[in-house]
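Data block below; observations after.
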Amino acid sequence: MQNDHFLKACRREEVEYTPVWLMRQAGRYMPEYMEIRNKYDFLTMCKTPELAAEVTLQPVNRLGVDAAILFADILLPLEGMGIDLAFAKNEGPVISNPVRTGEDVENIRILDAEEATPYVMEAIRLIRRELDGRAPLIGFSGAPFTIASYIIEGGGSMEYKNCKKMMWQAPEIWDALMEKISEVLLRYLKAQIKAGAQAVQMFDSWVGALSPDDYETYVLPYSKYVLSGLKGEGVPVIHFANNASSMLELVVQAGGDVIGVDWRINLDEAWKRIGYDRAIQGNLDPFTLYAPPQLIAEKVKRILQMAGNRPGHIFNLGHGINKETPVENVIALVEAVHEYSRR
Ligand code: CP3
């Protein structure tokens with residue numbers, strides 16, 4: 001491995017500089033991505049290992065980030081469960097048969113991940129060969145709540161009304177659904193590790209919709225099931241919970257070697273609450289990348305200062321990169337992190 005700064009930081013080992021990668025680093029803000037995307041729809045790209053591999057490598061080559069993240073989507077395991085998935089133009093994910101009743105939950109299948117998503121595992125094997133040690137490869141999944149929110153609402157949501165209705169009106173159906181989802185996600189991540197993912201991240205993008213109390217009762221046990229099930233697998237596990245600074249301690253309780261935090265909390269305070277026995281990942285506001293390079297550099301310095309050269313900080317955004325972000329600002333960000341953090 002020529003660049004193992006990311007993996008070292010995940011294990012809280014000393015590094016020469018703070019490693020950086022960006023959530024959603026492969027995507028529409030990059031002209032080379034758009035060149036491929038103009039020819040194929042998004043799901044076709046995910047399901048064609050050669051295309052997924054090519055797009056995964058683009059940010060490594062162009063930005064000089066310290067890790068690659070598999071080009072895929074958190075919703076890919078849905079199809080194997082018997083749930084229809086489509087990406088409508090400008091609308092994001094759409095599920096035409098959302099899960100609302102006990103019968104719907106009973107009908108959900110639990111397949112092995114190699115059978116349900118063979119193209120993901122094939123992409124991982126191909127990417128590892130093409131990366132050839134230039135950077136480690138991160139695999140990922142959604143977290144049980146975030147996946148449940150899409151399955152129940154039928155797409156993205158603002159209020160999570162149907163989700164909360166199920167949680168509170170039919171807790172036994174909620175539990176049965178969360179159990180099935182957790183099992184699928186654990187198998188999916190284990191298969192990714194077996195195929196060659198050198199770290200995995202579980203994205204709980206929408207969990208901030210819940211109160212800490214409800215998180216603890218209705219979600220934490222399932223996130224914990226997935227995260228503790230990965231303990232013997234020998235790779236670092238990142239647990240990213242977006243908009244969850246009101247319940248960081250609970251997020252830590254659910255598990256993860258690295259805790260990903262958004263920008264709504266200062267990194268020093270977040271790390272203190274998480275505990276220094278975990279690594280931390282974050283936490284620049286993605287829209288900072290619209291600011292002039294001088295200001296980006298200042299904000300980078302500020303976050304590095306808050307991390308205080310303590311081993312175990314992985315620089316990242318607080319959430320995914322926005323699709324209109326200027327590429328040159330992203331390059332400037334990566335350079336600034338490397339330059340200002342050099343020990
Ligand atoms: O980080 C990476 O570069 C790896 C690829 C990746 C994608 N989706 C590609 C993608 C990752 C890690 C994801 C995770 C994902 N997918 C999440 C969790 C991360 C987060 O942002 O919280 C979520 C919630 C999804 C579900 C999803 N997929 C949505 C809401 C959308 C539409 C978003 C939009 O901006 O239109 C997608 C589509 C998607 N996934 C795109 C990409 C590059 C855009 C597809 C396109 O080219 O049109």
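In listed order, ligands and their atoms are each counted from 1. None of the values given here were measured: they were computed from a predicted structure.
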Exercise. Heavy-atom count around Q294 CD within 6.0 Å, excluding the residue itself: above 12?
Worked result: no

Exercise. Which of parallel (below 30°), tilted (30 to 60°) and perpendicular (above 60°) describes H313 and W271?
Worked result: tilted

Problem set entry | Residue pairs fulfilling salt bridge (charged side-chain N to carboxylate O under 4.0 Å, His left out) with at least one residue in residues 264-291, sequence neighbours excluded | E249-R273, D262-R264, E269-R273

May I have the N/O to N/O pairs between ligand 1 and the protein that fall below 3.5 Å, each with atom names and distance to one decimal?
residue  : atom   : partner : partner atom : Å
ligand 1 : 1 (O)  : R24     : N            : 2.7
ligand 1 : 3 (O)  : Q25     : N            : 3.0
ligand 1 : 3 (O)  : A26     : N            : 2.9
ligand 1 : 8 (N)  : D73     : OD1          : 3.2
ligand 1 : 16 (N) : D73     : OD1          : 3.0
ligand 1 : 21 (O) : R24     : NH1          : 3.3
ligand 1 : 21 (O) : H319    : NE2          : 3.2
ligand 1 : 22 (O) : S205    : OG           : 2.4
ligand 1 : 22 (O) : H319    : NE2          : 2.5
ligand 1 : 28 (N) : D73     : OD1          : 2.7
ligand 1 : 35 (O) : R28     : NH2          : 2.4
ligand 1 : 36 (O) : R28     : NH1          : 3.2
ligand 1 : 36 (O) : R28     : NH2          : 3.0
ligand 1 : 40 (N) : D73     : OD1          : 2.9
ligand 1 : 47 (O) : Y33     : OH           : 2.6
ligand 1 : 47 (O) : R37     : NE           : 2.7
ligand 1 : 48 (O) : R28     : NH1          : 3.4
ligand 1 : 48 (O) : R37     : NE           : 3.2
ligand 1 : 48 (O) : R37     : NH2          : 3.0

Problem set entry | K301 to Y340, cation-pi by 6.0 Å centre distance and 45° axis angle | yes

Problem set entry | side-chain hydrogen bond (donor to acceptor under 3.5 Å, both in side chains) involving Y222 - partner list, sequence neighbours excluded | D175

For residues 94-111, tabulate all N or O donor-acceptor pairs below 3.5 Å that involve a side-chain atom, not counting sequence neighbours.
residue : atom : partner : partner atom : Å
S96     : OG   : D84     : OD2          : 3.3
N97     : OD1  : D84     : N            : 2.9
N97     : ND2  : G82     : O            : 3.2
R100    : NE   : I152    : O            : 2.7
R100    : NH2  : I152    : O            : 3.0
T101    : OG1  : E103    : N            : 3.4
T101    : OG1  : D104    : N            : 3.0
T101    : OG1  : D104    : OD1          : 3.3
T101    : OG1  : D104    : OD2          : 3.2
D104    : OD2  : R100    : N            : 2.8
D104    : OD2  : T101    : N            : 3.1
N107    : ND2  : E103    : O            : 3.3
R109    : NE   : G80     : O            : 3.2
R109    : NH2  : G80     : O            : 3.3

